Amino acid sequence: MAAPRSFSAAEVRARCAEGACLVRCRRRLYDLSGFVRLHPGGEQLLRRRAGTDVSAALDGPPHRHSANARRWLEQYYVGEMEPGEEEDQPEPVGEAPVGEALVDAALVDAAAQTPTRMDPRCKTVDVEKDLVDWEKPLLWQVGYLGEKYDEWVHQPVDRPIRLFHSDFLESLSKTAWYVVFAVWAPVVLYLSWVSYTSLAQGNTRLFSSFTTEYSIPVHKYYFPFIFLLGMFLWSLLEYLIHRFVFHMKPPASNYYLITLHFLLHGQHHKSPFDSSRLVFPPVPASLVIAFFYGILRLLLPEVLGLSVFVGGLCGYVIYDMMHYYLHYGSPKKGTYLYGLKAYHVKHHFEHQKSGFGISTRFWDHPFRTLIPEEETFEKED
């Protein structure tokens, strides 16, 4: 194994001046340039610490980083600081002497000619350490991990995932975030119009299948409330699916259940920032959506069931858009989405058995799965 590269303090300053975000833990140097926008504490928090030692910040306060967060940091390791240059250097004030300016300019040029980030996706995979061969589709490998699967899948990495050998099946398992909106938003609008105009005809009555004398008419003015009811029911369904289906713990001896779990959700926990796997692809989603529509058709009158369904479908689209944003967005500090992003990242990196609400934390309260408030990124040193 080649010796780690050494960096001088001047070279680190030069790279940071070029826009890179290098930080260090004592002598170990990390390039977080590709991660700053994803940091749950906000991009500016990391930018302000560029070129400095973050050892104390990792230990807190205000937040002690988890073992997974520290393991995640190691993926961005690029080398060591030269001996004797570990101390933080203050930013130069005023105009530098001509000689120093020439030296700094030369360092900036040298930094520009070398990569500012070693992409961890290109690093050689240690099969014994990672337990799987990342050069091959993972879906058919994970079932053999047995009792090691649960721990392995909850140790996130910054690598893209391939599930299938077939390019066609692989394409069906991935999608860009905007495809979900482009496909389902028109469906929501159309079905909303169909529901409202159908209710306007005045032929829809609740309980009409049991009694005509005491059946309740459903007027068109009720549509917004029925639509909101559908969205509310979706938020509950979102929580239940995430907790009891996506976070089931498959038996270590069952190859097929482990494989199914990885297909449904384990892949997302293993590679939480794989941008092509953050929303539900339309083709498999349509099968699930059709299933729930069928249930509503059995339970409610046709138009009433459709009105509830379209509200739920709208809730699903909002959920998928929010989920993508919680991973790739940079919400402003102190906003609702800022707290929700930090909450969701805590679910990925430390509290996998709680924090199941994604678009809202509401259902975590009655089900007692709320991540403690003091555990989230609410303060900044």
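If you're wondering where the values come from, they're calculated on a predicted model, not measured in any experiment.
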Rounded to the nearest 0.5 Å, how far apart are [atom1] of [X] and [atom2] of [Y]?
X	Y	atom1	atom2	result
Leu138	Thr259	CG	OG1	11.0 Å
Trp234	Ile318	CH2	CD1	11.0 Å
Leu304	Ile226	CG	CD1	5.0 Å
Asp320	Leu278	CG	CG	9.0 Å
Ser275	Trp177	OG	CH2	12.0 Å
Phe246	Phe356	CZ	CZ	12.0 Å

Show, in sequence, the C-alpha distance, side-chain angles and deciding distance for Thr369 and Tyr239, and conclude whether the side chain to side chain donor-acceptor pair (under 3.5 Å) test is met.
CA-CA 10 Å; Thr369 54; Tyr239 175 90; 2.7 Å; yes
Answer yes or no: does atom [atom1] of [X] have more than 12 heavy-atom neighbours from other residues, nucleotides or ligands under 6.0 Å?
X	atom1	answer
Tyr221	OH	no
Tyr325	OH	yes
Tyr336	OH	yes

What verdict does the side chain to side chain donor-acceptor pair (under 3.5 Å) test give for Trp72 and Tyr76, after you've listed the backbone C-alpha separation in whole Å, the side-chain angles of each residue and the deciding distance to 0.1 Å?
CA-CA 8 Å; Trp72 183 273; Tyr76 304 100; 3.2 Å; yes
Charged N-O contact under 4.0 Å between [X] and [Y]:
X	Y	value
Glu80	Arg5	no
Glu170	Arg277	yes
Arg162	Asp167	yes
Glu74	Arg28	yes

Quick one: does any side-chain atom of [X] pair with a main-chain N or O of [Y] as donor and acceptor, under 3.5 Å?
X	Y	value
His154	Lys270	no
His347	His351	yes
Tyr30	Gln75	no
Lys341	Pro331	no

Look at the aromatic rings of His242 and His265 and report parallel, tilted or perpendicular, splitting at 30° and 60°.
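Plane angle over 60°, so perpendicular.
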Do the ring planes of His323 and Tyr319 sit parallel (below 30°), tilted (30 to 60°) or perpendicular (above 60°)?
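His323 and Tyr319: parallel rings.
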Tell me, do [X] and [Y] make a side-chain contact under 4.5 Å, heavy atoms counted?
X	Y	answer
Thr335	Leu340	no
Val288	Phe292	yes
Leu337	Met322	yes
Ser286	Trp184	yes
Ser173	Leu263	no

Test item: side-chain donor near acceptor, Trp363 and Ser235, under 3.5 Å
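Result is yes, a qualifying pair exists.
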Less than 3.5 Å apart, any donor N or O on the side chain of Asp53 or Ser55 sitting next to an acceptor on the other?
yes
Going by the ring pair (Phe, Tyr, Trp, His ring centres under 6.0 Å) test, name the single residue among His261, His268, His348, His269 that passes it with His247.
His269
Contacts of Arg70 meeting salt bridge (charged side-chain N to carboxylate O under 4.0 Å, His left out) (sequence neighbours excluded), chain-then-number -> Asp59
